[in-house]
Protein chains: 2
Amino acid sequence: MYSKKSPKEILHQYGLKVTNARVKVLHVLMQSQVALSHGDIFSRINGNGLDKVTLYRTLSSFVNAGLAHKVATEDRTWLHALHMPEERDEGVEDHAHFVCDTCERIYCLPLVTEAAAAVPIKESGFQVKSHEYRLHGTCPECH
Amino acid sequence: MYSKKSPKEILHQYGLKVTNARVKVLHVLMQSQVALSHGDIFSRINGNGLDKVTLYRTLSSFVNAGLAHKVATEDRTWLHALHMPEERDEGVEDHAHFVCDTCERIYCLPLVTEAAAAVPIKESGFQVKSHEYRLHGTCPECH
DNA sequence: AATATTATTGCAACAAAGTTGCATTTTTGC
DNA sequence: GCAAAAATGCAACTTTGTTGCAATAATATT
């Protein structure tokens, strides 16, 4: 899905210095279809000795650079996921997240912009700059 | 907006015991157009000596009873707001929240269900049970 | 290829938000 | 009014994430 580009190339493209930590974290994120918590990523990487603070800062740098985004969960943690490839190319700001109430995975879904724009802000005076559509239910794994 | 019913009546209606804490918290929520944090509510009530834990538990009881709902914020706290009156009557599960990027207030907006339903879950296998549409931008107070 | 500059890392200590256990008090159905 | 059940207050605790700072690593330049 993230096609031919290597973590290193992607980091370059986003103006991030190429470090061990970043390559590893990016690699983990690239392999996941779902948004991951700090703990998810941490446990997939250690062994390779990476400080928890470094991981926080790495994720933060990804978000700042526009490479990833984060989603607040029900249990006051953050999940991180890379932007969809088409988002990365086009700078789209819309997001749809599907929260599975059974397994608690959060999937990032492509969101068609017309649907987002159709939402009625009848109360005028609100200027919308970005969207997040969040769906709850049961994911394919949990049927 | 919450019309004629008193906090006491509403608590009864939702099967919650009528206590000082609940009446005070409900009163505060009824007077607010925006979702409030624990801190917001706490500071509007003390003077009247209410323990922080009691407030957490009170809010929790409101959510469990279906009287209020909560929204996770960008800084990993919860905001609480009563359901819209029409939601309280009809058991609608959709939500739209407008997050003002300037003043950080979160408004609960009525969300028209057709718009929500129109979101494309082309990836089938996802069973949607509830929605939250989250909009970011600038609110009328901040223009 | 070595170096200077600048950003990143690791560690320890810290902060904030929310939770748990338990004894005491309050509600409420009878 | 009384008994049973639930809510409250307090203190200690957990979890998640942050800050300061010295040591280390990455990159542009020579």
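Predicted model, so just to flag it, every value in this text is computed and none were measured. Letters A, B, ... mirror the listed sequences (proteins, then strands); counts begin at 1.
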Where the side chain of B:T77 is defined as all heavy atoms beyond and including C-beta, which of C:dT19, D:dT19, C:dG18 is the nearest nucleotide? C:dG18

From CD1 of B:I41 across to P of C:dG18 the rounded distance in Å is 11 Å

Tell me if the side-chain of A:K52 makes a donor-acceptor pair with the base of D:dG17, cut-off 3.5 Å, by modelled atom types. yes

Could you give the NZ-to-P distance, from A:K70 to D:dT16, as a whole number of Å? 15 Å

Per nearest nucleotide of DNA chain D, the residue lying toward the 5' end, B:R22 or B:V53, is B:R22

Any side-chain to backbone donor/acceptor pair from A:T54 onto A:L50? Under 3.5 Å, distance only. no

Answer yes or no: does a side-chain N or O of B:T19 lie under 4.0 Å from OP1 or OP2 of D:dT8? yes

Return the nearest nucleotide to the side chain of A:D51; candidates are D:dG9, C:dG18, C:dC11. C:dC11

How many whole angstroms separate atom NE2 of B:H38 from atom P of C:dA16? 15 Å

Let me know which of B:L79, B:V28, B:V25 forms a side-chain contact (heavy atoms from CB on, under 4.5 Å) with B:L36. B:V28

Counting side-chain heavy atoms from CB outward, which of D:dA26, C:dG10, D:dA7 is closest to A:K17? D:dA26

d(CH2, B:W78; P, C:dA17) in whole Å: 15 Å

Nearest-angstrom distance from the residue atom CG of B:D40 to P of C:dG18: 11 Å

Which of the following nucleotides, D:dT8, D:dG17, C:dA17, is nearest to the side chain of B:A21? D:dT8

I want to verify a distance call: between D:dT27, D:dC10, C:dT8, whose nearest atom is closest to the A:H12 side chain? D:dT27

Out of A:I10, A:V23, A:L26, which one pairs with A:V18 under the side-chain contact (heavy atoms from CB on, under 4.5 Å) rule? A:V23

Distance check needed: D:dT16 C1' versus A:L55 CG, whole Å only. 12 Å

For A:Y56 and C:dA15, what is the distance between atoms OH and C1' respectively, to the nearest whole Å? 13 Å

Here the distance between atom C1' of C:dT28 and atom NZ of B:K8, to the nearest Å, is 12 Å

Side-chain donor-acceptor contact under 3.5 Å, A:D40 with A:S37: yes

The answer to which of B:L16 and A:R57 contacts DNA chain C further toward the 5' end, by nearest nucleotide, is A:R57

Less than 6.0 angstrom separating the ring centers of A:Y56 and A:H38, yes or no? yes

